[in-house]
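Written out below as structure tokens is the structure these notes cover.
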Amino acid sequence: MRPIRLPEPPGVGGMETPEIFTGAAAATVVVRRAVVIGNGSPGAENQCLGLVRALGLADHLTLYRVTRPQGGINEWLHFLPVSLHKLIDQVLRQFFRNTRLAPVVEGRKHYRVPNGGSVGVGLSSVLEADAKKIVAVARDTFEKEGPTLIVTCGWDTISYSSSIRHLASGNVFVIQIQHPRSRLDRFDLVVTPRHDYYALTAGGQEEIPRLFRRWITPQEPPGRNVVLTVGALHQADSAALRLAAIAWHDELAPLPKPLLIVNIGGPTRNCKYGVDLARQLIASTYNVLDSCGSVRVSFSRRTPRKVSDIISKEFAGHPKIYIWDGEEPNPHMGHLAWADAFVVTADSISMLSEACSTGKPVYVIGTEYCKWKFSAFHKTLRERGVVRPFTGLEDISNSWSYPPLNDAIEVATRVREAIAERGWSVG
């Protein structure tokens with residue numbers, strides 16, 4: 001396959017209002033509401049919610065969630081499509097009910113993620129995703145309420161979003177975040193990082209064995225309905241950070257400056273590491289302490305216990321270092337607002353994207369453990385000057401800046417353009 005040259009992500013070269021939004025003829029059909037279909041993953045749902053916020057529809061939002069059976073044998077069935085997984089779960093429960101094998105098969109019927117954390121938009125409830133019901137509402141209320149924007153993210157949501165568009169294409173505009181790998185014409189827009197196409201580039205074809213390419217990348221170059229981003233979408237926009245700065249003022253404002261925030265993720269299949277990275281992080285952090293006023297460390301849900309334990313034990317009781325204990329409230333947004341600099345492990349595209357949206361210094365540790373599309377992502381960040389490696393030789397008091405990443409805002413512009421081509425507008 002011939003290597004491809006990917007187009008630049010939206011917004012490169014400056015953000016201007018497209019002429020289609022400034023003309024005298026305003027669209028008469030207005031999109032005033034959004035439906036988000038999530039998969040229970042905070043990282044995936046944050047991308048949907050970040051785009052909805054950027055479009056100004058966060059106050060007119062309904063959140064649905066695709067859930068899978070959990071526990072027992074279900075942990076081995078997550079590779080199946082959701083509908084098939086649920087069917088097999090029901091059959092197995094009926095067949096093995098009241099037998100000695102029931103504990104092996106059974107688990108919690110559905111997995112619910114609390115409404116805090118990733119939701120963060122004042123929603124009081126999360127509904128179980130049902131494509132037919134969503135279609136019915138979109139059709140029945142179209143004349144009065146206008147079209148419905150459908151935003152979904154993740155593998156488990158693909159069948160729902162594609163079904164909704166098939167059944168109600170004249171009443172909805174469907175956006176699939178994260179690449180569905182095939183049949184892109186099922187969606188009005190697909191939003192995906194440019195590094196998802198790494199295996200189609202010249203460097204990717206040299207590095208990735210041909211056998212693996214079909215499993216990790218789309219099979220054709222991005223078409224007209226594909227919007228490429230640098231990183232992940234998120235909710236950490238300027239308005240959210242202003243609110244977080246107020247909410248966390250009393251706790252974070254008095255801390256000695258500069259304040260260094262250390263965000264630690266967890267190993268992935270494209271960025272594998274263990275306690276070796278923890279020891280590297282500890283040594284480098286000690287080396288920069290003289291140039292720090294204070295340090296706050298946070299772990300993610302993916303951080304292995306062995307990694308968090310060695311870091312917590314090493315820094316426990318240090319007068320300059322505070323380690324968040326995982327109890328609510330989560331200080332993450334406050335950290336983004338009040339930090340003077342960040343250190344982020346290389347595995348987390350979401351945390352890096354959020355940090356790089358602030359325009360503040362971002363140092364990355366662990367890129368040497370990454371491969372394939374993760375390496376391509378880090379290369380893009382370095383070339384743009386938004387990150388630097390964390391070596392322990394840095395002077396944290398020496399600040400530097402760059403044009404912040406604004407993927408959500410730039411994607412929102414492309415969404416408005418595509419919706420305007422239908423004669424609609426976003427209210």
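No experiment lies behind these values; they were computed from the predicted model shown.
- Taking all atoms of both residues into account, the shortest heavy-atom contact from Thr345 to Gly265 is OG1-N, 2.9 Å.
- A cation-pi arrangement is present between Arg388 and Trp400 under the rule of less than 6.0 angstrom and at most 45 degrees off the ring axis.
- Using a 4.5 Å cut-off on side-chain heavy atoms (C-beta onward), Ile321 and Leu289 make contact.
- Ring-plane geometry between Phe390 and Tyr363 is classed as tilted, the angle between the planes lying from 30 to 60 degrees on a 0 to 90 degree scale.
- Side-chain contact between Val137 and Thr148 is absent, with no heavy-atom pair separated by less than 4.5 Å.
- When the disulfide (SG to SG under 2.5 Å) test is applied to Cys271, the partners found at least two apart in sequence or on another chain are Cys370.
- Counting only heavy atoms from C-beta outward, the side chains of Asn330 and Trp324 approach each other to under 4.5 Å.
- Around the NE2 atom of His166, the shell of radius 6.0 Å holds no more than 12 heavy atoms that belong to other residues, nucleotides or ligands.
- Of the possible donor and acceptor atoms, none in the side chain of Asn46 sits under 3.5 Å from a partner among the backbone N and O of His234.
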side-chain contact (heavy atoms from CB on, under 4.5 Å) between Leu381 and Leu405, intermediate numbers included:
CA-CA 10 Å; Leu381 294 185; Leu405 294 184; 4.0 Å; yes
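- Pairing each heavy atom of Ala376 with each of His195, the nearest pair is CB-CB, 4.1 Å.
- With Thr358 contributing its side chain and Glu354 its backbone, the two residues share no donor-acceptor pair below 3.5 Å.
- Between the side chain of Asn39 and the backbone N or O of Val66 there is no donor-acceptor pair closer than 3.5 Å.
- We find the CD1-OG distance between Ile134 and Ser163 to be 10.5 Å, quoted to the nearest 0.5 Å.
- Under the rule for a ring-ring contact (aromatic ring centres under 6.0 Å, His included), Phe299 has no partner lying at least two apart in sequence or in another chain.
- When Thr285, Ile282, Asp309 are each tested for a side chain to side chain contact (heavy atoms under 4.5 Å, CB included) with Glu314, only one passes: Ile282.
- Using modelled atom types, one side-chain atom of Ser353 and one backbone atom of Ala232 make a donor-acceptor pair closer than 3.5 Å.
- For the atom pair CD1 of Ile349 and CD of Gln47, the computed distance is 9.0 Å after rounding to the nearest 0.5 Å.
- A 4.5 Å side-chain heavy-atom check between Thr229 and Pro193 finds at least one atom pair inside the cut-off.
- Residues Tyr160 and Ile150 fail the side-chain proximity criterion, which asks for heavy atoms closer than 4.5 Å.
- In plain terms, the two heavy atoms of Ile158 and Gln176 that are nearest each other are CG1-NE2, 3.7 Å.
- Residues Ser161 and Arg165 fail the side-chain proximity criterion, which asks for heavy atoms closer than 4.5 Å.
- With sequence neighbours left out, Tyr286 forms a ring-ring contact (aromatic ring centres under 6.0 Å, His included) with Phe315.
- For the residue pair Asn270 and Thr268, no side-chain donor N or O sits within less than 3.5 Å of a side-chain acceptor on the partner.
- With hydrogens and angles disregarded, no donor-acceptor distance shorter than 3.5 Å links the side chain of Asp407 to the backbone of Leu233.
- In this structure, Leu336 CG and Ser357 OG are separated by 6.5 Å, a value rounded to the nearest 0.5 Å.
- Using modelled atom types, one side-chain atom of Ser294 and one backbone atom of Pro256 make a donor-acceptor pair closer than 3.5 Å.
- Ser162 places a side-chain N or O within 3.5 Å of a backbone atom of Ser159 that can act as its donor or acceptor partner.
- Summarising the geometry, atom CD1 belonging to Ile409 is positioned 10.5 Å from atom CZ belonging to Arg53; distances are rounded to the nearest 0.5 Å.
- A 4.5 Å side-chain heavy-atom check between Arg301 and Pro42 finds at least one atom pair inside the cut-off.
- For Lys133, the NZ atom is loosely surrounded, since the number of other residues' heavy atoms within 6.0 Å does not exceed 12.
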Take Lys360 and Phe342 through the test side-chain contact (heavy atoms from CB on, under 4.5 Å) and record every step on the way to the result.
CA-CA 8 Å; Lys360 302 173 185 178; Phe342 301 90; 4.0 Å; yes
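- Atoms OG and CD1, from Ser284 and Ile365 in turn, are 5.0 Å apart once rounded to the nearest 0.5 Å.
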Does the pair His179 and Tyr197 meet the rule for a side-chain contact (heavy atoms from CB on, under 4.5 Å), with working shown?
CA-CA 9 Å; His179 207 293; Tyr197 285 91; 2.7 Å; yes
I would like to know whether Leu252 and His335 meet side-chain contact (heavy atoms from CB on, under 4.5 Å); could you show each step before the answer?
CA-CA 8 Å; Leu252 300 181; His335 286 172; 4.1 Å; yes
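- To the nearest 0.5 angstrom, Ile37 atom CD1 is 11.5 Å from Ile177 atom CD1.
- Nearest heavy atom pair, residue Ala341 against residue Ile396, reads CB-CG2, 4.1 Å.
- Taking 4.5 Å as the limit, some side-chain heavy atom of Cys356 sits within range of a side-chain heavy atom of Val387.
- Of all non-hydrogen atoms in Val172 and Ala138, the two that sit nearest each other are CG1-CB, 3.8 Å.
- The shortest non-hydrogen separation linking Leu61 to Val36 is CD1-CG2, 3.3 Å.
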